[in-house]
Number of protein chains: 2
Amino acid sequence: MAIFSKTCEYAIRAVFYISHKSASGDRAGLKDIAAGIDSPELYLAKILQDLSRKGLMRSVKGPHGGFYVDADLLARPLSDIVEAVDGFGLFHGCALGLKQCSEINPCPLHEQFKSIRDQISDLLHRTTIGGFNEELLGGLLSLKK
Amino acid sequence: MAIFSKTCEYAIRAVFYISHKSASGDRAGLKDIAAGIDSPELYLAKILQDLSRKGLMRSVKGPHGGFYVDADLLARPLSDIVEAVDGFGLFHGCALGLKQCSEINPCPLHEQFKSIRDQISDLLHRTTIGGFNEELLGGLLSLKK
DNA sequence: TGAATAAAGGACAAGAATATCCTTAATTAT
DNA sequence: ATAATTAAGGATATTCTTGTCCTTTATTCA
């Protein structure tokens with residue numbers, strides 16, 4: 001198992017890609033993004049449409065159109081993307097899948113995973129969509145391969 | 001997304017259930033286990049067969065048969081179960097799904113998730129299959145609901 | 001030995017996630 | 001206005017996970 005769904009992996013990589021293009025004032029077209037993050041183009045289209053509808057992405061149709069994020073979105077936490085795509089399970093669900101697992105009715109792993117989940121949550125709330133733009137522009141970080 | 005696959009959730013809960021029965025010298029039948037952890041009986045059968053084949057579980061056919069774990073298995077780490085069912089992805093995979101993500105070719109989340117993955121790995125290696133038997137016998141921990 | 005019980009194993013079914021296809025709508029440039 | 005471009009949207013296809021069914025094999029007990 002991975003931490004995120006494949007859909008969410010594509011979403012995060014695409015958002016980072018679009019973000020660093022936006023930082024240079026460019027919009028990114030679907031083909032460009034799909035090539036830039038090595039994802040299936042038409043599947044990615046669906047993901048970006050979904051993020052667009054949810055207000056986590058902006059787009060313009062027609063020649064020289066494409067996807068971009070504005071300053072407001074650059075500052076949003078990555079957790080917004082993860083929640084929109086994978087929901088709250090990663091932050092709040094029981095590791096063993098129990099619906100009523102809680103402090104007063106804990107599963108065996110409840111205590112230990114509480115800390116893990118909190119750290120993942122903190123990490124994704126602290127990290128912003130635009131937070132890696134310099135490193136991405138400098139080629140220090142990878143979004144494909 | 002959850003941390004573990006549904007299959008792995010059932011596997012872990014079943015192993016804990018069987019373990020605490022084994023601690024009392026009992027074997028646990030399929031119906032008993034499925035009821036005890038609230039899982040689909042026939043699907044659970046497949047999971048336990050698989051663990052049996054892999055030597056992570058013992059079973060006896062016929063009347064008064066069932067599943068059990070011996071002292072050797074009681075002491076094995078929970079990571080053995082997770083690896084057998086979900087593979088190594090949770091411990092070693094890239095959060096963004098990149099095949100070649102590494103220290104020298106990192107994805108944007110590489111550094112931060114390294115720590116998270118290490119903690120999950122430590123936790124599952126430190127926790128033994130039989131480690132919650134007293135609490136389970138005392139009804140302090142839940143494997144269903 | 002024969003009947004009953006319980007896991008093993010193979011095949012199939014349902015559902016969800018992932019991926020593709022094709023048409024429509026919006027925007028730009030000529 | 002028209003043609004070209006690009007995202008939006010609906011429908012369908014594929015693959016993987018989850019779940020069920022049915023027959024076979026091993027074991028126990030009478």
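Residue numbers begin at 1 in each chain, while the letters A, B, ... track the order of the sequences.
Comparing Glu41(A) and Gln49(B) along DNA chain C, the residue whose closest nucleotide (by nearest heavy atom) sits nearer the 5' end is Gln49(B). The nearest heavy atom of DNA chain C to Arg27(A) and to Leu42(A) marks one nucleotide each, and the one closer to the 5' end goes with Leu42(A).
Side-chain contact check for Asn105(A) versus Leu141(B): every heavy-atom pair is 4.5 Å or farther apart.
For the atom pair CD1 of Ile12(A) and CG of Leu109(B), the computed distance is 6.0 Å after rounding to the nearest 0.5 Å.
Between the side chain of Arg27(A) and the backbone N or O of His64(A), at least one donor-acceptor pair lies under 3.5 Å.
With ring centers used as reference points, Phe113(B) lies under 6.0 Å from Phe4(A). Under the 6.0 Å cut-off for aromatic ring centres, Phe67(A) and Tyr17(A) do not qualify, their centroids lying 6.0 Å or more apart.
Near DNA chain C, meaning a heavy atom under 4.0 Å away, there are no residues from residues 87-100 of chain B.
Looking only at atom types and distance, the side chain of His110(B) has a donor-acceptor partner in the side chain of Glu103(B) under 3.5 Å away. Using a 3.5 Å distance cut-off with no hydrogens or angles, the side chains of Gln119(B) and Ser115(B) do pair a donor with an acceptor.
Taking atom OH of Tyr68(A) as the reference point, atom P of dA7(D) lies 13 Å away to the nearest angstrom. Residue Met57(B) contributes atom CE, which lies 12 Å from atom P of dA7(C) at whole-angstrom precision. In this structure, CD1 of Ile47(A) is placed 13 Å from P of dA17(C), rounded to the nearest angstrom. Atom-to-atom, CG of Leu51(B) to P of dA8(C) comes out at 10 Å; the value is rounded to the nearest Å. Leu30(A) has its CG atom 14 Å from the C1' atom of dC21(C), to the nearest Å. Nucleotide dA8(D) holds its P atom 8 Å from the CZ atom of Arg53(A), rounded to whole Å. With rounding to whole Å, Leu44(B) atom CG is found 14 Å from dA8(C) atom C1'. When the C1' atom of dA16(C) is taken as reference, atom CE of Met1(B) falls 12 Å away, rounded to whole Å.
Between His64(B) and dC29(D), a side-chain N or O to OP1/OP2 separation shorter than 4.0 Å is present. Taking only side-chain nitrogens and oxygens, Ser59(B) comes nearer than 4.0 Å to OP1 or OP2 of dA8(C). The phosphate of dA7(D) has neither OP1 nor OP2 within less than 4.0 Å of any side-chain N or O from Arg58(A). At dA19(C), one or more side-chain N or O atoms of Tyr10(A) fall inside 4.0 Å of OP1 or OP2 (strictly under the cut-off). Residue Tyr43(A) has a polar side-chain atom (N or O) positioned under 4.0 Å from OP1 or OP2 of dT18(C). OP1 or OP2 of dA8(C) has at least one side-chain nitrogen or oxygen of Ser52(B) nearer than 4.0 Å. Contact check, Ser5(A) against dA17(C): no side-chain N or O comes under 4.0 Å of OP1 or OP2.
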Without placing hydrogens or testing angles, list every side-chain donor-acceptor pair under 3.5 Å for residues 68-78 of chain B, not counting sequence neighbours.
from, atom 1, to, atom 2, distance (Å)
Asp70(B), OD1, Asp72(B), N, 3.3
Asp70(B), OD1, Leu73(B), N, 3.0
Asp70(B), OD2, Arg58(B), NE, 2.9
Arg76(B), NE, Asp80(B), OD2, 2.7
Arg76(B), NH2, Asp80(B), OD2, 3.1

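Using cut-offs of 30° and 60° for the angle between ring planes, the Phe91(A) and Phe88(A) rings count as perpendicular.
For Phe67(A), the listed nucleotide lying nearest its side chain is dA7(D); candidates were dA7(D), dT18(D), dA7(C). Candidate nucleotides dC29(D), dT5(D), dA7(C) were compared by shortest atom distance to the side chain of Lys61(B), and dA7(C) ranks first.
For DNA chain C, if you chain together Watson-Crick or G-U pairs that step i with j, i+1 with j-1 and so on, the runs of at least three with distances under 3.5 Å are C:1-30 with D:1-30.
Heavy atoms of Leu48(A) sit nowhere under 4.0 angstrom from any nucleic acid atom. At the heavy-atom level, Lys46(A) lies under 4.0 Å from base atoms of the strands shown.
Looking at every heavy atom in both residues, Leu98(A) comes nearest to Lys145(B) through CB-O, 3.2 Å. Nearest heavy-atom pair across Ser142(B) and Pro108(A) is O-CD, 3.4 Å.
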